[in-house]
Amino acid sequence: MDRLDNMVGRLHVETRLAALGRGAREPGQPLNVPIVPASNFRAPSHGETAREYSRDDGTPGWDALEALIGDLEGGPAVCFSSGMGAIAAVLELLPVGARVVAPRDSYTGLRGLLEDGAAAGGRWQLRTVDMANADEMAAAVADADLVWLETPSNPLLEVVDIAAVAAASGALVAVDNTFATPLLQNPLALGADFVVHSATKFIGGHSDLLLGAVVARRPEDRERLLRRREVAGATPGALEAFLALRGARTLAVRLRQAQRTAGELAARLAAHPAVSRVRYPGLPGDPHHELAARQMRGFGAVLSFEVTDAATADAVCTAVRVVTHATSLGGVESTIERRAKLPGQEHVPAALLRLSVGVEHVEDLWADLAAALGSPAADPMTQSTARSDVPAGSHP
Ligand SMILES: *Cc1c(COP(=O)(O)O)cnc(C)c1O
């Protein structure tokens, strides 16, 4: 423990992002934990313990990232090869036949994993609920073993009261905190048992890696998660862990800029004649605004909006120039996607576009979106592409 370790609890989150997950604070040591491309380490002498094999014992690079994410969420963190690897590790802790309640609106991969498990001889029993429906929710959580929450949800930006669910249910509660990031919401402090992140998104922040993390409330759950990583093998890559930590250093400044822009774009889109609905919990008229304002420290940098029909939505994706038409979210570059084109997203309105706001200048983004929304049908280029260039298949 050096002097900084003793101060950490009193430091602001921006400072902790910059300061934690460093190596030894000694002269001659590098400021960053170097990439450690190691499967195995020299064995200890008799009676000593030391790191021996990375899948079992981790690496200095994973430790550094886990120290930072764990600090931000307030519990011990375990990193995995992807967000889905992290989600799967939590679900694997359940006994066979466990009753799992999951939101109707959630990341496609979670839905797929849960449905596969339910179909495969009842690895678990799945019940999906409309989390906005209090009665449906209360009935479902009453006899659940695990309640999975995703708030705000992907892509409908639905917000669930984490503390209320945790208090009302004797079940384990896991929260996918990818959209909020640890900066805007800390589910463990609200009574959740597990927090999951796709660090591929905001924590990494640069669309150049896949990585996931679980943060557990109880130290013994960390041991069980380490065991899952050890035996199932969803280990982070050395480069990915390095890049995720490097990206996390700037999370606060990236998110502050992106969130401010998202709020502005949400308001302007809501006033645009070609847009029928905007979903963003930061809008005062949003059905989730009050709860989000109470539960979160900010409304995030993802929003969804609806246009007239799917063809128009596809035309907007084709017409944008500054915004990138691509799946995924949380990067420094803004991305847009029509989510209903993905399998398993039938509940999503066909003309809904999910926009992940990056760090570009707000006026450049607005000019781009306004031009793309202008009159797509009148533009011969976007009109033809709306019909022929719709990407098919499943994207992560
Ligand atoms: C992307 C995403 C995931 C999956 O993360 P990967 O790193 O792609 O495996 C899980 N949850 C949410 C909310 C996501 O957006």
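Counting convention: from 1, in listed order, for ligands and their atoms alike.
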- [ ] Return a yes/no value for Met84: is any of its N or O atoms, backbone included, closer than 3.5 angstrom to an N or O of ligand 1?
- [x] yes

Open item on the list: I want to confirm something. Looking only at heavy atoms, which of Leu211, Thr178, Asp176, Ile87 is nearest to atom 11 (N) of ligand 1?
Closed with: Asp176

Task: Close-contact set for ligand 1 against Thr200 heavy atoms, below 4.0 Å - done: 6 (P), 7 (O)

Task: N/O separation below 3.5 Å, Glu150 to ligand 1 - done: no

Open item on the list: I'd like to check the salt bridge (charged side-chain N to carboxylate O under 4.0 Å, His left out) partners of Arg254; sequence neighbours left out, ordered by chain and number.
Closed with: none

Open item on the list: I need the single residue from Asp161, Asp130, Val165 that forms a side-chain contact (heavy atoms from CB on, under 4.5 Å) with Met137. Which is it?
Closed with: Val165

- [ ] May I ask you to check if ligand 1 and Phe179 share an N or O to N or O distance below 3.5 Å?
- [x] no

Task: Side-chain donor or acceptor of Asn177 paired with backbone N/O of Ala180 under 3.5 Å - done: no

TODO: Report yes if the distance between the aromatic ring centroids of His289 and Phe299 is under 6.0 Å, otherwise no.
DONE: yes

Task: No-hydrogen, no-angle side-chain donor-acceptor test under 3.5 Å, Thr151 and Glu158 - done: no

